[in-house]
Amino acid sequence: MSSQNLRGGGRDEIVYLDHAATTPMLPVAIEAMASELGRLGNPSSLHNAGRRARRVVEESREQIAEVFGARPSEVIFTSGGTEADNLAVKGLYWTRRAAAPRRRRILTTSVEHHAVLDSVRWLEEAEGAEAAWLGVDSTGLVRPEVLRSAIERAPEGVAVVSVMWANNEVGTVQPVSELAAVAHESGIPFHSDAVQAAAQLPVDFADSGADALTVTGHKLGGPVGVGALILARGMEPVPVLHGGGQERDIRSGTLDAPAIRAFAVAAAAAAARREYEAKRLAELRDELVRQVLAAVPDAVLNGAPPGPGRLPGNAHFSFPGCEGDALLMLLDARGIACSTGSACTAGVAEPSHVLLAMGADDSRARGSLRFSLGHTSTQADVDALGGAIGEAVARAKRAVTR
Amino acid sequence: MTALRVLAAMSGGVDSATAAARAADAGHDVTGVHLALSENPKSFRTGARGCCTLEDARDARRAADVIGIPFYVWDMAERFRQDVVDDFVAEYAAGRTPNPCLRCNEKIKFAAVLDRALALGFDAVCTGHYASVEDGVLHRAADSGKDQSYVLAVLTPRQLSRAMFPLGGTPKEQVRAEAARRGLAVAGKPDSHDVCFIADGDTRGFLARRLGPAPGTIVDADGTVIGEHDGTYGFTVGQRRGLRVGRPAADGKPRYVLDIEPVTRTVTVGPAGELDVTQITARRPVWTGCPPPERPLDCAVQLRAHGEVHACTAWLDGGVLHIRLRAPARGVAKGQAAVLYDGRRVLGSGTIAGTSPTARLPAAP
């Protein structure tokens, strides 16, 4: 490794393989947001400026509803995926428990994003909820029978079911419509976090049968700080944020017209390219997997096999004998950005709860990296990784401290 | 100068931040690393400042941003617990008085971290310690009030060859002024003093939680029981306060801890004069400033951090370092390091294993 490289020379030509963390904003979205930022008006105001801003929000709502197969009135804007997940899980739990106090069970998986995982844990600690963590197989998949048997233990006691559409770490796609149908057999509302799926898979709210669906802007080319909970009519979660009564009284707070507009523009643009882009990314991803396995023959691809059961832009590996954070640092020094999967507030890499749930041991969970592709990814990015990963792994193996 | 690939250990304090900045200014290729040492980092702590809080991690990160170097957090909590915290507890349990900063340098910063850094392609580890390495030999810092050569004296020549201490020639106040000039927000941050993993500064309480009650007796020099205690780990040789001995001494003078015997759980106390020792034995000797001496060596010795320096003669006998002081020293605790100096130059060190009162002196060879 040259001195130049370790310093991060050539950082301006970054090889960005972390689109699942956030993906660059689409130029059309930047343009839409920038032009809206210069305009005046609170969408809740009754005068002309307010009506103009409201029109922007409502047109955006219609666009987003169309992209995700929902009715405009079903789109509740939030500050992003985390808030939408909190609103769905906590809000629906509170509503369902208020209607029947015995409903304290929450059925969810052990591979959810922390926004769901920690909301459920908080409900357990503070609100008397009982979580049932649905097990996954070695690829991270939840089988509908697992959900059914968990419900059957005490169907009348279940408040809500939440299962993500596609996993953010290993990319495994869940059988969401089958799971929703199983929940509905017992009249239980079903929520799904579709944050990762929304950019790369056809996500249709009505077809899926879900009652609540989380999407966010910055994973599909929109800005950070805006998202939505798509919420079927009749679902009335207790609000998490109280205030001015915006968004059907479910989510108070002044609507962020510029961000909402950019979110809608990005979602529409991503939807228009989705089929082409999914095929392109899947091919690039397959090439990435091929190159990594060629350079590091003992690397293991985690998650579902490439195909319809996996996000097209996702590749997630365990590198036996390595620590993920050392590998990340070595690749970062070569200008290659990737992820160890999850990080806590102090910036310390924790062993991935997703891999642990899939049956990996602690060292395999620590020795893993996620490479995620998106709309700016090219063959050159894949080649750069292919050229660097072998040496990085060899070096990281020598640096194992445990 | 050759540009080196340098890992700067950044605690979040002013010293390590300024050291990293100087290493970068010198043309080295510097990467900042904050060591997460606490298994349960808290965002805010009351009382004493430590080295492993979330604010410290943030302060380190912001300093790296200002310097313009990459920054990562390395999780060393497990190693730190094993090699420093557990060792600290075990040493107290064995009746000794450990120095955890010294152990951290020996086992974490210049062992676990250094080894990992070398394997990852770095050439050196840089810290904000006040000491300098001149021609491969550890020396006291120019600022004698801040000198930290004592807690680095256990490092081997191999470890020292990979260590970089850019602050060794600068007084602390100048370092603060320089940090402020560089725009480092930590320029005015208070120094850390206490043991970093004991947030409230209550070492005895910490040990009591870890070791549980182990009551025993406090006796005077002739064996008369004059009090009781909850655990020998609450005591250090030379300690005067907190003895809770009801009866005053016959001569009316204050009493001090003279000896700690953890097996029989006996703490022996006596007058100050009994604390005087002239002969010391130390184990695990390390020689970095001279070859292992073949003849008795006239030099100086420091027996605790920030302690005074005593003229002495030192010699080796069967792998054990023997030190004879010219004049008696008071309150020498087993478990502390005995560091030998020739002026500013560190010759070597050992861990104090035994002391002999001035009265009963074996002859020097």
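Everything numeric in this text was worked out from a predicted model, so none of it was measured. Protein chains get the first letters and strands the later ones, always in sequence-line order, with residue 1 at the start of each.
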How about CZ on A/R398, more than 12 heavy atoms from neighbouring residues, nucleotides or ligands closer than 6.0 Å, or not?
yes
More than 12 heavy atoms of other residues, nucleotides or ligands under 6.0 Å from CZ of A/R121: is that the case?
yes
What are the two closest non-hydrogen atoms of [X] and [Y], and how far apart are they?
{"X": "A/D325", "Y": "B/V73", "answer": "OD2-O, 4.3 Å"}
{"X": "A/R395", "Y": "B/L118", "answer": "NH1-O, 4.5 Å"}
{"X": "A/A326", "Y": "B/R116", "answer": "CB-NH2, 3.4 Å"}
{"X": "B/L120", "Y": "A/M329", "answer": "CD1-CE, 3.7 Å"}

Value for OH (B/Y72) from CG (A/D332), rounded to nearest 0.5 Å, stands at 3.0 Å
